[in-house]
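Note sheet for the following structure.
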Amino acid sequence: MQLEVQFEKKLKPLPKKDYALLPPYFFEAFSRIYYMMQPENLSCDGELSRRQIARRKARLKEEWRLLEQQLGYKVSFNSFEDEFYRRLEG
């Protein structure tokens, strides 16, 4: 019996100029994860243990990665932050 191994295709980074063109679905999904990854939200204002925080962070990173796969591009957390605040101000 031969096992089939599937390799994930390597995603290209989304050019920073294209962050403004993110479709609303993706922008909202990345925004939710970005918001939940903020220290006060990640730790529930310090209520969670380090282990709980680590599990929560790992789950959110996996959600981010799955969104990137759906989008077809890598999305930089820091570049997304710039677009997140730009849209909040706009």
Side-chain angles (χ1 to χ4, degrees):
M1 180 177 190
Q2 189 174 6
L3 295 176
E4 286 187 41
V5 178
Q6 289 187 342
F7 295 96
E8 291 182 23
K9 71 176 188 177
K10 188 162 175 120
L11 300 177
K12 295 179 183 178
L14 182 65
K16 187 169 181 168
K17 65 181 174 59
D18 290 346
Y19 279 69
L21 303 175
L22 275 173
Y25 166 80
F26 286 105
F27 181 77
E28 289 171 19
F30 282 117
S31 291
R32 183 188 62 76
I33 297 169
Y34 172 80
Y35 179 77
M36 294 303 297
M37 290 284 283
Q38 298 310 299
E40 63 275 7
N41 298 325
L42 193 59
S43 69
C44 292
D45 290 327
E47 297 293 321
L48 299 182
S49 70
R50 286 185 182 187
R51 177 177 278 166
Q52 289 170 313
I53 293 168
R55 275 187 279 180
R56 191 172 185 171
K57 188 174 186 177
R59 182 179 46 80
L60 290 168
K61 284 184 172 184
E62 178 64 13
E63 285 183 41
W64 189 279
R65 190 183 69 75
L66 291 171
L67 272 175
E68 289 176 327
Q69 287 180 340
Q70 287 179 348
L71 180 62
Y73 288 96
K74 298 267 313 158
V75 176
S76 159
F77 192 80
N78 293 331
S79 294
F80 183 79
E81 178 179 45
D82 294 341
E83 181 62 20
F84 178 82
Y85 286 111
R86 189 188 70 74
R87 289 194 191 191
L88 276 181
E89 292 171 357

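Fair warning: this is a prediction, and the values are worked out from it, not measured in the lab. Throughout, numbering of the chain's residues begins at 1 and tracks the sequence.
- Listed by first then second residue, pairs satisfying ring-ring contact (aromatic ring centres under 6.0 Å, His included) with a partner in residues 51-73 read Phe30-Trp64, Trp64-Phe77, Trp64-Phe80, not counting sequence neighbours.
- Take Asp82 and apply the side chain to side chain donor-acceptor pair (under 3.5 Å) test, not counting sequence neighbours, and it matches Lys16.
- Note that CZ of Phe84 is 11.0 Å distant from CD of Glu89, once rounded to the nearest 0.5 Å.
- Glu81 meets the salt bridge (charged side-chain N to carboxylate O under 4.0 Å, His left out) test with no other residue; sequence neighbours excluded.
- Under the 4.5 Å side-chain criterion, counting only non-hydrogen atoms from C-beta, Cys44 is not in contact with Gln52.
- In terms of the side-chain contact (heavy atoms from CB on, under 4.5 Å) criterion, residue partners of Ala20 (sequence neighbours excluded) are, by chain and number, Glu83, Arg86.
- Side-chain contact between Leu60 and Glu63: present, with at least one pair of heavy atoms (C-beta onward) separated by less than 4.5 Å.
- Judged as a ring pair (Phe, Tyr, Trp, His ring centres under 6.0 Å), and not counting sequence neighbours, Tyr19 has no contacts.
- Sorted by first and then second residue, the salt bridge (Lys or Arg N to Asp or Glu O under 4.0 Å) pairs with a member in residues 46-55 form an empty list; sequence neighbours excluded.
- Qualifying salt bridge (charged side-chain N to carboxylate O under 4.0 Å, His left out) partners for Glu68, counting only residues two or more places apart in sequence or in other chains: Lys74.
- There is no path of hydrophobic side-chain contacts, each under 4.5 Å, that joins Leu21 to Tyr85.
- Between Leu22 and Leu71 the shortest side-chain heavy-atom distance falls below 4.5 Å.
- Residues forming a side-chain contact (heavy atoms from CB on, under 4.5 Å) with Ser43 (at least two apart in sequence, or on another chain): Ile53.
- Residues Leu67 and Ile33 form a side-chain contact, since some pair of their non-hydrogen atoms from C-beta on lies under 4.5 Å apart.
- A salt bridge between Arg59 and Glu62 is absent, with no side-chain N of the basic residue lying under 4.0 Å from a carboxylate O of the acidic one.
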Report all side-chain donor-acceptor pairs from residues 35-42 shorter than 3.5 Å, counting only partners two or more places apart or in another chain.
{"from": "Gln38", "atom 1": "NE2", "to": "Tyr34", "atom 2": "O", "distance (Å)": "3.0"}
{"from": "Asn41", "atom 1": "ND2", "to": "Tyr35", "atom 2": "O", "distance (Å)": "2.8"}

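- Scanning for side-chain contact (heavy atoms from CB on, under 4.5 Å) contacts around Pro15 gives Lys17, Asp18, with sequence neighbours left out.
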